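The structure appears right after this line, and notes come after that.
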Amino acid sequence: MGLFDRLKKRLTHTRSVLSDGISSIFRGGRAMDQALLDELEELLYTSDLGPLATDLVATLTRMHKRGELKGEGDVRGALRSRLLEKLGDQRPLPEMNQSPHVLLVVGVNGSGKTTSIAKLAHRFKLEGKSVLVGACDTFRAAAADQLQIWAERSGVEIVRQGEGADPAAVAFDAVSAGIARGSDVIILDTAGRLHTQKNLMSELEKIQRVVRKCLPEAPHSVWLVLDGTNGQNAIQQAKLFTETVDVSGLIVAKLDGTARGGAVFSITEAVGLPVFFIGTGETMEDLERFEPEAFVDAILATTLESA
Amino acid sequence: MFETLTNRLSSAFSSLRGSKELTSDNIEEGLSAVREALLEADVHFKVARELTDKVRARVLGNEQVKGVDPSQQFVHAVNLELIELMGPEDSALNVAKSGPTVILMAGLQGAGKTTTCGKLGKYLREKHKRQPLLVAADIKRPAAVEQLRVLGKQLDLPVFFEEGLSPPEVCAAGVAYAKAKGYDVVILDTAGRLHVDDELMSEVADIAKRTKPHNQILVVDGMTGQDAVRSAGVFHERLQLTGVILTKTDGDARGGAVVSLKAVTGCPVLFVGTGEKPEDLDAFSPERMAGRILGMGDVVGLVERAQESISEEEAEATYNKMVMGSFTLEDMFAQLRMIRKMGSMKKLLGMMPGMSGLADAANIDESVFDRQQALYDSMTPKERLHPDVIDVSRRRRIARGAGQEMGAVNELLKGFRGMQKMMKQMGKMGMGAKMGAKQKRAALEGMGGSGAGLGGGGLGGMLGGAGDLLGGLFGGKGGGEAPSMEDLQSMMPGGSRPMGSSSTRESALKKKEKARKKRKQSKKRR
């Protein structure tokens with residue numbers, strides 16, 4: 001199965017909302033008019049596109065007035081090109097040729113950090129890299145146990161300490177251990193924190209600082225995990241995390257629901273960060289490389305040919 | 001940061017200054033501002049549209065108050081509609097007539113179910129003298145059982161789990177165990193599941209069938225977007241939801257999802273999670289939530305917090321000092337300590353109407369207060385009571401004692417003088433001096449009383465003090481933007497209302513209008 005089909009399958013529910021919504025609006029061969037545009041606006045808004053929905057409808061209205069929209073196909077095509085424009089080109093994953101590559105993973109509570117890390121570790125392992133994870137979430141009960149179970153399943157190494165240990169100390173240990181054992185990738189899991197909590201955000205800064213004592217150019221990457229079912233607050237999360245640590249990319253988790261990941265568009269526009277991966281399920285394999293075209297096509301049920 | 005609805009509305013209405021009357025023609029712009037604010041707060045599109053329709057009807061209906069700022073009227077109407085939609089306040093769990101009360105907790109992954117189970121168990125034990133048993137039925141996520149066990153150990157709550165059973169079996173066994181051992185509440189922590197996952201949804205329905213829970217609670221992430229409606233709808237279909245708990249409301253998400261939830265499921269919102277600590281679970285209040293969605297602060301929460309952490313005597317002592325105008329450094333720091341006991345400055349500021357923006361802008365560094373405390377500790381008792389004696393040589397000594405620069409001492413004294421001036425003004429404003437003994441007591445009672453009274457001068461003044469303190473302390477940085485005492489007072493609902501008067505809505509609105517004019521004037525003067 002090709003990547004496109006796999007993604008499409010994963011995002012079936014996602015697709016069913018936006019794409020089927022469009023289909024049902026046009027059912028019975030309705031002609032383009034204002035009422036139809038209003039319905040489209042509602043559909044776009046309920047896909048968590050936020051203010052972008054207004055923007056898209058404005059574009060559609062303009063095109064409609066110029067008589068450029070004949071029917072469903074044109075609307076899909078227009079949405080496709082506008083949405084793609086918002087996402088920009090696919091950005092390459094950071095080169096991981098320096099060894100070890102330290103990857104710090106941050107995010108709010110319950111966004112899916114630990115699960116995403118498990119999937120990433122699995123992925124890197126399959127690529128033939130030696131992976132070490134550091135359990136720096138020493139706050140939530142049994143967070144380190146959760147990571148350890150994942151680590152054992154995919155056969156990667158883990159560095160952990162007891163509950164309540166200093167997260168920065170665990171990070172330091174993990175990076176030192178990674179250097180000593182010649183790991184290729186070191187992934188640091190951190191405790192979930194709401195972006196509005198100043199002291200917890202400072203803790204992230206500290207982790208970054210302490211890691212640098214061990215390896216001056218670390219962390220090489222900081223990835224923010226966002227919950228795909230979150231609404232407009234995701235933008236705020238992205239902004240505030242970016243202010244504190246040098247976030248270089250995003251993982252959008254839980255995109256297998258009816259969660260339509262509309263926030264992805266707003267976030268890309270608001271903070272200009274590339275989305276590297278999306279989480280599409282509960283098993284270790286359910287992490288897909290984010291590809292703008294495939295993503296947009298999956299949610300609009302368009303293909304290159306039809307557009 | 002999100003624009004508050006009030007700001008948004010005032011800009012929408014700037015075009016119709018002069019024509020104070022609201023007509024069906026000129027309110028559309030205001031309504032679209034309302035709609036935008038609701039959508040930005042993640043209220044579902046359809047629900048937002050219904051709400052704006054109701055607001056239109058209300059604003060155009062006979063409830064219009066003549067001569068009142070139209071944006072105020074709008075906010076008022078939206079507020080009422082929101083409260084109506086989310087209410088009535090009803091945080092009661094269903095209690096079993098005999099045997100243990102069973103509570104089933106369900107929700108999407110990462111909503112905060114396990115944490116909330118712990119909080120709820122603690123809450124029921126402490127506030128309702130119950131003996132809860134937690135049942136770990138999440139065998140899907142690695143270490144979820146362990147997480148609940150650790151939580152149970154921390155909170156001293158028993159946790160039931162049996163290896164090798166399916167989740168419905170574990171739950172049934174848990175309820176049987178509770179019956180046998182005499183626990184009167186059983187909280188079932190189930191795995192997070194997507195509403196589109198048929199298999200898992202059947203599983204949770206099976207749990208409900210086997211355990212016949214008296215309460216079936218949906219745990220929802222306060223940051224959820226438009227999808228909340230769909231997922232809650234499916235959960236409601238498969239279970240018979242009796243209530244909702246909204247988590248992670250301590251961030252800056254507006255939590256508009258809760259409005260949609262209520263509209264879709266019709267179930268009351270029982271609790272809100274307000275932080276990471278086990279005690280951070282509050283009863284839900286539609287008024288507070290409405291204020292939050294509209295960006296109007298959470299004054300009731302502030303009063304409650306004050307009630308919990310400040311004793312009557314302390315409050316009275318400070319209040320008297322403020323009234324008498326004999327305000328010293330000692331008093332200022334006593335006040336500061338009191339306020340800090342209530343929580344972080346940022347959290348408190350965020351709860352104050354109109355201040356949430358400041359809380360972000362000031363980027364409050366709590367350690368400033370520790371440094372100020374160090375300066376204070378470095379002073380002699382005489383200096384604390386008579387700050388006027390602090391000359392250059394004393395400043396140098398104080399700074400050295402606290403390990404800081406002399407400039408820091410100057411800053412502190414500047415802040416103090418500003419505050420002292422404010423206190424004097426307050427006396428003049430009639431906050432205290434003109435107040436009879438009876439009214440004074442009423443003001444204090446207002447502070448200790450619950451919700452509706454919202455405190456009068458007592459708390460208002462104290463918080464005003466906090467605002468000013470911040471203004472003073474942050475001197476160069478954010479001080480200029482800190483609202484004045486007067487602003488704060490008028491921002492606080494009822495703050496500009498004279499003590500003891502039972503005000504109708506109309507008079508409250510008029511007062512607000514008056515305060516607004518006054519503010520305008522003072523701005524001109526500046």
Side-chain angles (χ1 to χ4, degrees), chain A residues 12-13 16-17 41-51 53-54 108-112 114-115 118 139-150 153 163 191-200 227-234 236-237 240 253-254 256-260 262-263 282, chain B residues 1-2 36 39-42 44-46 48-49 108-112 114-115 118 140-151 153-154 192 194-197 221-231 234 247-248 250-254 256-257 276 344 346 350 359-360 363-366:
Chain A
T12 325
H13 300 293
S16 68
V17 172
E41 185 185 17
E42 171 176 346
L43 179 68
L44 295 170
Y45 251 113
T46 51
S47 304
D48 275 328
L49 285 167
T54 320
V108 300
N109 315 58
S111 59
T114 307
T115 309
F139 179 80
R140 202 195 67 197
D145 294 332
Q146 187 185 349
L147 190 64
Q148 177 149 18
I149 293 171
W150 280 119
R153 280 188 201 167
E163 223 152 88
R193 63 203 74 225
L194 288 184
H195 48 291
T196 49
Q197 284 163 345
K198 171 90 181 150
N199 42 359
L200 287 181
D227 182 336
T229 60
N230 275 185
Q232 298 308 304
N233 192 248
Q236 203 60 20
Q237 291 170 27
L240 291 187
K254 306 187 209 172
D256 49 344
T258 48
R260 286 119 315 174
E282 290 195 317
Chain B
M1 201 51 222
F2 293 125
E36 250 167 69
L39 287 174
E40 225 169 52
D42 288 324
H44 190 259
F45 190 89
K46 271 204 181 106
R49 197 168 51 197
L108 302 175
Q109 290 97 337
T114 306
T115 308
K140 184 132 183 128
R141 192 181 53 141
V145 174
E146 189 56 29
Q147 185 186 351
L148 195 65
R149 273 193 184 137
V150 174
L151 259 175
K153 200 177 268 175
Q154 281 168 4
L194 281 170
H195 51 293
V196 291
D197 189 329
D221 185 333
M223 295 178 282
T224 316
Q226 298 276 326
D227 200 38
V229 162
R230 204 172 313 265
S231 55
V234 178
T247 61
K248 306 182 214 170
D250 46 333
D252 56 0
R254 286 282 172 75
E276 293 191 329
S344 78
K346 188 157 185 172
D360 287 316
N363 195 10
I364 291 165
D365 178 7
E366 302 279 333

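All chains are named by letter (A, B, ...) in the order of the sequence lines, taking the proteins before the strands, and each is independently numbered beginning at 1. Quick caveat: nothing in here was measured; it's all calculated off a predicted structure.
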Chain B contact via A/Q148 - which portion, at a heavy-atom distance below 4.5 Å: neither
Which atoms of A/D227 are under 4.5 Å from chain B, going by heavy atoms: the side chain, the backbone, both sets, or neither?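 For A/D227, the side chain is the part near chain B, not the backbone.
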Taking B/T224, B/T115, B/L108 one by one, which has the highest count of heavy-atom pairs under 4.5 Å against chain A?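 So the answer, after comparing B/T224, B/T115, B/L108, is B/T224.
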Under 4.5 Å, counting heavy-atom pairs only, tell me which of B/H44, B/K140, B/Q109 racks up the most with chain A.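 Among the listed options, the one with the most contacts to chain A is B/Q109.
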Could you pull out the closest heavy-atom pair between [X] and [Y], with the gap in Å?
| X | Y | value |
| --- | --- | --- |
| B/M223 | A/N233 | SD-OD1, 3.1 Å |
| B/D227 | A/D48 | N-OD2, 4.1 Å |
| A/Q146 | B/P142 | CG-O, 3.1 Å |
| A/Y45 | B/Q226 | O-CG, 3.3 Å |

Atom group of B/R49 that falls short of 4.5 Å from chain A, counting heavy atoms: side chain
What distance separates [X] [atom1] from [Y] [atom2], expressed to the nearest 0.5 Å?
| X | Y | atom1 | atom2 | result |
| --- | --- | --- | --- | --- |
| B/K248 | A/N230 | NZ | CG | 7.0 Å |
| B/T247 | A/N109 | OG1 | CG | 8.5 Å |
| A/T229 | B/D221 | OG1 | CG | 6.5 Å |
| A/R140 | B/Q147 | CZ | CD | 4.5 Å |
| B/R141 | A/I149 | CZ | CD1 | 10.0 Å |

Check whether any side-chain N or O of B/D42 sits under 3.5 Å from a backbone N or O of A/Q232 as a donor-acceptor pair, and report yes or no. yes
Taking the side chain as everything from C-beta on, heavy atoms only, tell me whether B/E276 gets closer than 4.5 Å to A/L200. yes
When you look at A/K254 and B/L194, which way does the side chain to side chain contact (heavy atoms under 4.5 Å, CB included) test go after all the steps? CA-CA 9 Å; A/K254 306 187 209 172; B/L194 281 170; 5.7 Å; no
Flag the one option from A/S111, A/A142, A/A141, A/G112 with the top tally of heavy-atom pairs under 4.5 Å to chain B.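 Heavy-atom pairs under 4.5 Å are most numerous for A/A141.
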